[in-house]
There are 4 protein chains.
Amino acid sequence: MQPRSPARNAARRLPRDQRVAAILLTARAVLRERGSEQFLTAEVAERCGTSEATIYKYFPTKRDLLIQIAESWFDEFLAEDYPARASGSIRDRLYHAVWWSLSSIRREPALTRFVLMELRADPNYRSMRIYQQNREVVGRVMTVIEDGRDKGVLRADLSRKLVRDMIFGAIEHQTWAYLRGEGDFSVDESAEQITEVILRGISASAPSSGSLSDAVAMLEQVTASLKKQSAGES
Amino acid sequence: MQPRSPARNAARRLPRDQRVAAILLTARAVLRERGSEQFLTAEVAERCGTSEATIYKYFPTKRDLLIQIAESWFDEFLAEDYPARASGSIRDRLYHAVWWSLSSIRREPALTRFVLMELRADPNYRSMRIYQQNREVVGRVMTVIEDGRDKGVLRADLSRKLVRDMIFGAIEHQTWAYLRGEGDFSVDESAEQITEVILRGISASAPSSGSLSDAVAMLEQVTASLKKQSAGES
Amino acid sequence: MQPRSPARNAARRLPRDQRVAAILLTARAVLRERGSEQFLTAEVAERCGTSEATIYKYFPTKRDLLIQIAESWFDEFLAEDYPARASGSIRDRLYHAVWWSLSSIRREPALTRFVLMELRADPNYRSMRIYQQNREVVGRVMTVIEDGRDKGVLRADLSRKLVRDMIFGAIEHQTWAYLRGEGDFSVDESAEQITEVILRGISASAPSSGSLSDAVAMLEQVTASLKKQSAGES
Amino acid sequence: MQPRSPARNAARRLPRDQRVAAILLTARAVLRERGSEQFLTAEVAERCGTSEATIYKYFPTKRDLLIQIAESWFDEFLAEDYPARASGSIRDRLYHAVWWSLSSIRREPALTRFVLMELRADPNYRSMRIYQQNREVVGRVMTVIEDGRDKGVLRADLSRKLVRDMIFGAIEHQTWAYLRGEGDFSVDESAEQITEVILRGISASAPSSGSLSDAVAMLEQVTASLKKQSAGES
DNA sequence: CATGAATGAGGATTCATTCAT
DNA sequence: CATGAATGAATCCTCATTCAT
């Protein structure tokens, strides 16, 4: 009997795309705040100002919604400018790629965790779009490593997988800690240090000038003199 | 009226400790196989040959049970002989500590995952026994790092936290992949490579010939000659 | 702004009758394939290329739509030529009527099932058009029976209802089995056998004591006397 | 705080078997009154004085419950004394078997309908216990037919399947009509008439020689002569 | 005439937890 | 000590139907 205010109606009736976007946005927030396990369609509906039925009109399944949240987010930050430098020192390029991964992930730690810890376990993960998206992210870092190997600047005697696990293990470990509220961290600094450890390790022997080659050069000198010395003695 | 066989009774009526142990053991298997999300008290009861009510007699809450599972497991492997070498090269000691963490975790990836990804997020985590237990594990590795720093063998310009995150990030990343069934990995090799990267990084050693072994070979010669020399001088 | 192709428009905007017909046709297919329980208005709309709202424009209720599907189908096959033979032997006419029912029903077993098992249970069934239509179908068979009775060729000591139930019970039973995919059946043969059993039963021979044989005996006597009589007269 | 009356408690806590029986009984009533489609677990729970959860404790699925209702009912009446007479005339034995089927089915038309129209359509029907139970029922009738054939008392030129379909088609048709409230019927009479039609058909004559056409031919002759005669008399 | 958008009212199933015996 | 019985409170998902445009 009582006609609803047009304003209310205007808010209620949205074109498909906007509604989908609105749901996705709200759902992303819910996923961020609750995690996938406590993610309730009812809460999304309420916070979104719609009914659960409407959500199910656009997303066949709760899981599908979750996946699309992740995908849309990956879409977003994969679409951001990523000035993939093909030139510059390996160190610069690696730092840059690590920095970018770290900062992307840090922006949505909960979503990332969902993708990396739950979706990745899905039997169908490999056939999801998110799989390709994730490959893209990892690829940006690994391309640098690959290049370095090709140029002989990086060692090729360590398994790529291990190197990858160390870099992303570190990135994720940092992020989860942040997610757990164990304190913030500086993306710059973290990327810097990860790069450093990956490239140079933490041994103190690294000589002032920089690379290992210096040390080797010294060693060669020492060895040579010792040889001479011992030759003269005999 | 019909007396049950004593054997049956014996199995049914257990002293508190044995019952608790039995439940814990079964529950651990369930947690391992199902993960904490699919962990059902009903399944534990059934596989354990008791009733859910009995479980609730000893464990006030499903969560408490889960926590105790984790704690009892940590107890177990923390109790194992860990020949914490205070001597030996930093490399050896670090390798040893990493190897030990990796192999412990790999033995029960699902339990570890539960501890590291779920319990760690609990607001009360810091006041749980498992927190101390986990610190102990991490400590075994970090002690080596600390020592190295003290002796000036390791760089002190990188944040301890970062180093810790890289080591355990790598360890966990490896383990999760294994847990997801993405293929097994060699604990030895993995520990070796993690140690290597952490200590030396992945920059090419730049010795003309190439591999690090060359440098090592040279070093050995030098060392040997020097020993002879000093022996001769005395 | 962008004008749609006229063809598209033509397809979209249909005169009432055509739209109704289109919906009815599609809906019939859906009813056939899914059964009334799995009959979804959404599927009809989609397969029909319209919206559910349009369907509700023409059919106040899902049930109304279902009813009209049934009615339109009955209309169709009741409109087919049915050469109701008023002459010929009762056997021929009965066979013919049974054959016709059987083949009509077999053409749309799912629709028939809906009518006979679900609509028939509706409290308002008797006031539906489909009720009259169904009576027509049954009537075509029962007319033959009635005729046979009138002519004294068929026994009148068995309840009409029972005879009707046997004939249509057999027809429907055959059809449901077919609908369940329990194998096809020959309409010809089935009609033949139903006719046979209805008319003659399955006894191998008319027993002496039985009533029929008495009648036959009498008939033979009568015939004989008449023959004599007529022979004597000529 | 307020202790519940023991009476209430006594009613609430039942041994497993009794609870299962109670649920089954209530559920049977609900199935009878509502049909399987409107069968709500909630209604069963309420009328049974328990919760839905309790029902699901004993019956894994709504469908399982439905199936068990049917099975337990079949069990019941298959357990009743069925004096399967191996002697006596075929007519007596057939009448007896038909009568028994008819009266069993008539006692629970809704349940029967569920079994015969819905379960029978289930892909797994053949592997259900109810399938065997139903075979038993049908078998009791078909055994008589088979016997009659063996003894040469019944024709063997008609397909068994057809005969079966006619008998049970008739039985079911009668029963559905009754279920729809189209009026009661006398089991005795119905069984009598079904037996009669099946055995002897509805033709008014069955001449010793064989086919009905002979009798018809004679009748036509008689009729013709009489017509002539009456014409000649006028 | 046509429909995109929206939803109310379910409805089956799950599971940790309680408690009388 | 042990447990059989019971359930409250969710939670995902469905679908016929309405209505503003």
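Below, all heavy atoms of this structure are taken into account, side chains as well, without hydrogens, waters or symmetry copies. Source: prediction; values computed, not measured. In what follows, chains carry the letters A, B, and so on, assigned in the order in which the sequence lines appear, proteins first and then strands, with residues in each chain numbered from 1.
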Which pairs of donor and acceptor atoms, one on a side chain in residues 40-52 of chain D, lie under 3.5 Å apart (sequence neighbours left out)?
residue, atom, partner, partner atom, Å
D:Thr41, OG1, D:Glu52, OE1, 2.6
D:Glu43, OE1, D:Arg34, NE, 2.9
D:Glu43, OE2, D:Arg34, NE, 3.2
D:Glu43, OE2, D:Arg34, NH2, 2.9
D:Glu43, OE2, D:Arg47, NH1, 2.9
D:Arg47, NH1, D:Glu33, OE1, 3.2
D:Arg47, NH2, D:Glu33, OE2, 3.0
D:Ser51, OG, D:Thr54, N, 3.3
D:Ser51, OG, D:Thr54, OG1, 3.1

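Nucleotide E:dT7 holds its C1' atom 16 Å from the CD atom of A:Glu46, rounded to whole Å. Nucleotide F:dA16 holds its C1' atom 19 Å from the OH atom of C:Tyr58, rounded to whole Å. When rounded to the nearest whole Å, the span between CD of C:Glu43 and C1' of F:dA16 equals 15 Å. To the nearest angstrom, C1' of F:dC13 lies 15 Å from CD1 of A:Ile23. Rounded to whole angstrom, the span from the CZ atom of D:Phe39 across to the P atom of E:dG10 amounts to 18 Å.
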Secondary structure of DNA chain F per the Watson-Crick/G-U criterion (both distances under 3.5 Å; [ ] crossing, | other strand, . unpaired) is .||||||||||||||||||||
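Nearest nucleotide to the side chain of B:Arg16, out of F:dC1, E:dA20, F:dG8: F:dC1. Listed candidates were F:dT14, F:dT17, F:dA20. Nearest to the side chain of A:Arg13 is F:dA20. Set against F:dA6, E:dT17, E:dA12, the side chain of B:Glu52 has E:dT17 as its closest nucleotide.
Side chain of A:Lys62 to backbone of A:Phe39: a donor-acceptor contact under 3.5 angstrom is found. Although no hydrogens or angles enter the test, the distance criterion places a donor-acceptor pair under 3.5 Å between the side chain of B:Arg113 and the main chain of A:Met117.
Within the structure, every side-chain polar atom (N or O) of A:Thr41 is placed at least 4.0 Å from both OP1 and OP2 of F:dC13. Dashed line: the shortest gap from a side-chain N or O of C:Tyr56 to OP1 or OP2 of F:dC19 is not under 4.0 Å. Taking only side-chain nitrogens and oxygens, A:Ser51 never comes nearer than 4.0 Å to OP1 or OP2 of E:dA6.
In this structure, C:Pro15 reaches neither bases nor backbone, as no heavy-atom distance under 4.0 Å exists between it and the strands shown. When heavy atoms are screened at a 4.0 angstrom cut-off, C:Phe59 is found touching no nucleic acid atom at all. Base contact: C:Thr54 has a heavy atom under 4.0 Å from a base atom.
Two residues, D:Thr50 and A:Gln38, neighbour DNA chain F, and the one matched to the more 5' nucleotide by heavy-atom proximity is D:Thr50. With the nearest nucleotide of DNA chain F identified for both A:Lys57 and D:Ile55, D:Ile55 has the one nearer the 5' end. Each of D:Leu40 and B:Arg63 has a nearest nucleotide on DNA chain E; the 5'-most of these lies closest to D:Leu40.
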